[in-house]
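I have placed the structure first, in the form of structure tokens, so that the comments after it can refer back to it.
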Amino acid sequence: MTVSFIGAPASADQPCGSDYAAEAVESGTAVVVIVLEQRHGGGGEVCAMIGASRTAVVNLAAPLGDRAVLEIHGEAVPVTRAGAR
């Protein structure tokens, strides 16, 4: 499953950048997606509050099916299925 979110515009090898990964906690009725952030290690940076569209891929143990997708605070997340019309 690919999750989309707003994050740092650059990768972690650049000042003010971040790299992202995702993990899932699954049950029979829901999948909770946790986005993990690895920030640039330079420290002491003054960064603009600019966000960019980012994605991360998470592998599920079973197909999503009819399970709800939740973010870490328990809020439902809109789901767009690939190939859906």
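Everything numeric in this text was worked out from a predicted model, so none of it was measured.
- With sequence neighbours excluded, the residues that form a side chain to side chain donor-acceptor pair (under 3.5 Å) with Asp13 are Ser11.
- Annotation: Gln38, atom CD; neighbour count of heavy atoms from other residues, nucleotides and ligands within 6.0 Å does not exceed 12.
- Heavy atoms only, all atoms of each residue included: Leu60 and Ala24 are closest at CD2-CB, 3.8 Å.
- Asp19 contributes atom CG, which lies 9.5 Å from atom CD of Glu37 (distance to the nearest 0.5 angstrom).
- Sorted by first and then second residue, the pairs that involve residues 44-65 and meet side chain to side chain donor-acceptor pair (under 3.5 Å), not counting sequence neighbours, are His40-Glu45.
- Taking each heavy atom of Ala21 and Ala56 in turn, the nearest pair found is C-CB, 4.0 Å.
- Put simply, the side chain of Glu26 gets close to the backbone of Ala61: a donor and an acceptor are under 3.5 Å apart.
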